[in-house]
S.K.: 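Encoded as structure tokens, here's the structure I'll be asking about.
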Amino acid sequence: MTDTRPLLFFDSGVGGLSVLEATRRLLPNAPIVYAADSAGYPYGTKSEAEIAARVPALLGRLVERYRPRLVVIACNTASTIALAQVRSALDLPVVGTVPAIKPAAAVSKTRVIGVLGTEATIRQPYVDRLAAEFAGDCLVLRHGSAELVDLAEAKLRGEVTDPAAYARILRGLTDQPGGDRLDTVVLACTHFRLVEPELSAAGPFSYVDGAEGIARRIAFLTKEQDWPKAPEPGTAVFTRLDERVQALAPALAAFGLKRIVEL
Ligand code: DGL
């Protein structure tokens, strides 16, 4: 019998679609449930306690409802704060998303790296540990931007965003001491890859994120498993279904998510 259990992707909003896209390239027939906590969006301006209380409970409900084979926390904020807690609460593989500081350190020539994430992510000790372990010889600048998360959501709703906003956000890195030598930017929030063309137009840096690495990890963890013979339309599940979510329907369909439901 074909194994129809889905991969369950989780984020506060549409950011995890960037991870889903990279995963689909490796596992085109994987059944997909994409869950977005629209009622809790945004995560980046919340406290550690709020995120730690919300994410494991929500994932517990989602796993009970959809019985996935694997969970992907396609959100740096939730992963850097709650990954260990989610893993201990769930009895299935959980793949997290952490800032791609290691690959950034591998490509930076000037040895000045910027970590662009949410405010909550960039203050995590997890980021200190990654910087110390993998970029010990680099200056690692950090900037948190809730505005960039909103810009990515707006773009996917089909709204036109202001090019000057991206340049202003990048100045949050380049205006710091040593920022004039910045050559590599870690997109440490899954939303940000969705606006990488706009960021590239505003600042000529190398942009690095973890999506391909996560996709390879998912393929590795499921390599003995059986998949349906053809791709099926995926499901997008939101914790609150309102007009902002409805406006995302065309973008979700472009990522293969044809059914939108409320949890
Ligand atoms: N996409 C999420 C991340 O990777 C968080 C965005 C937000 O809700 O602030 O950090």
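Atoms within a ligand are numbered from 1 in the order they appear, just like the ligands themselves. Numbers for residues simply follow the sequence, beginning at 1. Reckoned from all heavy atoms, side chains included, excluding hydrogens, waters and symmetry mates.
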S.K.: Extract all N/O-N/O pairs under 3.5 Å that connect ligand 1 to the protein, and present each with both atom names and the distance rounded to 0.1 Å.
M.R.:
{"residue": "ligand 1", "atom": "1 (N)", "partner": "Asp11", "partner atom": "OD1", "Å": "3.0"}
{"residue": "ligand 1", "atom": "1 (N)", "partner": "Asp11", "partner atom": "OD2", "Å": "3.3"}
{"residue": "ligand 1", "atom": "1 (N)", "partner": "Thr190", "partner atom": "OG1", "Å": "3.0"}
{"residue": "ligand 1", "atom": "1 (N)", "partner": "His191", "partner atom": "ND1", "Å": "2.7"}
{"residue": "ligand 1", "atom": "4 (O)", "partner": "Asn76", "partner atom": "N", "Å": "2.8"}
{"residue": "ligand 1", "atom": "4 (O)", "partner": "Asn76", "partner atom": "ND2", "Å": "3.3"}
{"residue": "ligand 1", "atom": "4 (O)", "partner": "Thr190", "partner atom": "N", "Å": "2.8"}
{"residue": "ligand 1", "atom": "4 (O)", "partner": "Thr190", "partner atom": "OG1", "Å": "3.2"}
{"residue": "ligand 1", "atom": "8 (O)", "partner": "Ser12", "partner atom": "OG", "Å": "2.6"}
{"residue": "ligand 1", "atom": "8 (O)", "partner": "Tyr43", "partner atom": "N", "Å": "2.7"}
{"residue": "ligand 1", "atom": "9 (O)", "partner": "Tyr43", "partner atom": "N", "Å": "3.3"}
{"residue": "ligand 1", "atom": "9 (O)", "partner": "Gly44", "partner atom": "N", "Å": "2.8"}
{"residue": "ligand 1", "atom": "10 (O)", "partner": "Asn76", "partner atom": "N", "Å": "3.4"}
{"residue": "ligand 1", "atom": "10 (O)", "partner": "Thr77", "partner atom": "N", "Å": "3.1"}
{"residue": "ligand 1", "atom": "10 (O)", "partner": "Thr77", "partner atom": "OG1", "Å": "2.6"}

S.K.: Looking at Phe220, I'd like to know if the NZ or CZ of Lys223 sits under 6.0 Å from its six-membered ring centre while staying within 45 degrees of the ring's axis.
M.R.: yes
S.K.: So, using side chain to side chain donor-acceptor pair (under 3.5 Å) as the criterion, who are the partners of Tyr34 when residues are at least two apart?
M.R.: none
S.K.: Does NZ or CZ of Arg5 lie under 6.0 Å from the centre of the six-membered ring of Trp227, at an angle within 45° of the ring axis?
M.R.: no
S.K.: With a 4.5 Å heavy-atom cut-off, do Thr118 and Asn76 have their side chains touching?
M.R.: no
S.K.: Can you name the nearest heavy-atom pair linking Ala35 to Leu8, along with the distance?
M.R.: CB-CD1, 4.3 Å
S.K.: Quick test of your reading of the model: are Arg123 and Glu48 salt-bridged, counting only N-O distances below 4.0 Å?
M.R.: yes
